[in-house]
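Encoded as structure tokens, the structure appears first; notes follow it.
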Amino acid sequence: MQVSVFMDVEDPINDLADDAARDVAEVFTKSGVRGSFCLTGEKCRTLLARGRQDVLDAYLPHCLGLHTNTHSYHPTTMELLADCNYEEGCQRALATETKGFDAFVAAFEKKPSFWGGAGNTWSCEIPWALSQLGIEAYSYALTATSETGVHKFNGCVALPQAISIGEDQWAAGYDLAETVLDYAAHFVGPWLGIFVGHPTRFRYQQFWDYGFANGVTPPTPQLADEQDEAVYQASLERLGSFLSDLKTQFKVVGVDEFLEQELAFREPTLQEREFFREQTAANLRSAKGWPIHRPDLDIENIVAKTLALEDTMRVLRTDS
Ligand SMILES: [Zn+2]
């Protein structure tokens, strides 16, 4: 089994977020683990504008993905794509993600290896747009063919997130990290994705985007409260211990290394099709509840557009 470890790097507002992004990347590098990091287009632009080449350099050894163009800025992915037909949605998705793609390439001089939804916000036009941009996979997949299975949907490889450790849990102690290691030891499948948080939430007590909740765009930046320095350092240390422990037990790879292998896909079974219809619809409806979304957001059109693409779904062969 192979394991990939994900983090999201997305805070363009708070002063210490850039340093935190660098600190966390260095924890991975020192542990000898290649992380899979999702960076927003806006984060790439602000790092470039602030001359933070040190932060960009810290990420170069790792697998890097695009985390939407502007994450929580309105309209989010679902807000943008809820009210249009599929063809119009494809053009909208391509237009916005091209901006993120260009910022990412300007920052790292290479294209993103994958794409991860912001707050899991997503619609079925995204994989079409990613194919146009030469990005072959999306993580945090809301599409599903089994509890944890890698699959293909609308031309892209879809990587589900099985398990996560939140920042407050890193701050509290190592217990959950041990639980996750135990979960991984009993996991059956070729690939497991583990999410371990956001550098900015290690450094601050709130998410950077709380001011964007309920569809609101704050007129001035709403800053977060700094985390206690000792708590921050302890969280980084625990993350480092987790990565070291993980590395001794599993083959930890970047998403790009997983994708480089000859992945073979097959037609889904009838049960997998049924699972897809039920679970994907449930996952989309759950993602609608992201606090950032406008309260009156209706995503049933996204559910319908997504389920209409059922025939594009393929399942990773595990016998090859
Ligand atoms: Zn995010």
Side-chain angles (χ1 to χ4, degrees), residues 4-14 16-18 20-21 24-25 28 35-47 55 59 62-81 93 96-97 99-101 103-104 107 112-123 126 130 135 137-142 158-170 193-218 221-222 224 239 255 283-284 286-294 297:
S4 295
V5 186
F6 291 83
M7 286 193 93
D8 290 353
V9 185
E10 55 187 52
D11 179 355
I13 293 176
N14 291 286
L16 297 174
D18 295 348
V24 162
F28 276 74
S36 297
F37 293 98
C38 294
L39 292 103
T40 59
E42 185 69 2
K43 187 70 186 174
C44 292
R45 280 186 291 274
T46 51
L47 286 171
V55 183
Y59 280 92
H62 300 283
C63 174
L64 305 180
L66 179 63
H67 195 35
T68 76
N69 182 37
T70 55
H71 204 281
S72 303
Y73 294 3
H74 301 286
T76 68
T77 304
M78 277 185 161
E79 289 170 345
L80 180 72
L81 301 171
T96 180
E97 294 313 316
K99 289 179 200 161
F101 181 92
F104 184 100
S113 298
F114 66 104
W115 182 97
N120 292 348
T121 192
W122 181 89
S123 183
I126 289 290
L130 299 181
I135 301 173
Y138 59 98
S139 62
Y140 318 144
L142 301 179
L159 303 165
Q161 175 200 315
I163 193 161
S164 68
I165 306 172
E167 298 84 357
D168 291 333
Q169 289 153 335
W170 287 120
I194 303 175
F195 182 74
V196 296
H198 310 73
T200 182
R201 268 290 274 116
F202 277 64
R203 182 75 271 191
Y204 289 98
Q205 296 182 40
Q206 301 90 20
F207 279 110
W208 67 273
D209 56 357
Y210 71 92
F212 292 82
N214 300 314
V216 170
T217 297
Q222 308 264 292
L239 175 64
V255 163
N283 290 345
L284 286 165
S286 161
K288 167 183 138 52
W290 186 32
I292 301 304
H293 282 142
R294 60 173 200 255
L297 176 66

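When a ligand or atom number is given, it counts from 1 through the structure's own listing order. This one's a predicted model, so the numbers in the text were calculated from it and none came from an experiment.
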Roughly how far, to the nearest 0.5 Å, is CZ of F114 from NE2 of H67?
9.5 Å
side-chain contact (heavy atoms from CB on, under 4.5 Å) involving E79 - partner list, sequence neighbours excluded
H74, P75, T76, H293, R294, L297
In the protein, N/O/S atoms that are found under 2.8 Å from the Zn ion (ligand 1), waters not counted:
E10 OE1, H67 NE2, H71 NE2
Mind checking what makes side-chain contact (heavy atoms from CB on, under 4.5 Å) contact with T96, not counting sequence neighbours?
N69, L80
Test D168 against R201 for salt bridge (charged side-chain N to carboxylate O under 4.0 Å, His left out), laying out the working first.
CA-CA 8 Å; D168 291 333; R201 268 290 274 116; 3.0 Å; yes
Which of Y140, Y138, W290 passes ring-ring contact (aromatic ring centres under 6.0 Å, His included) with W122? Answer is Y138
Under the side-chain contact (heavy atoms from CB on, under 4.5 Å) test, residues paired with A20 that sit two or more places apart:
P199, R203, Y232
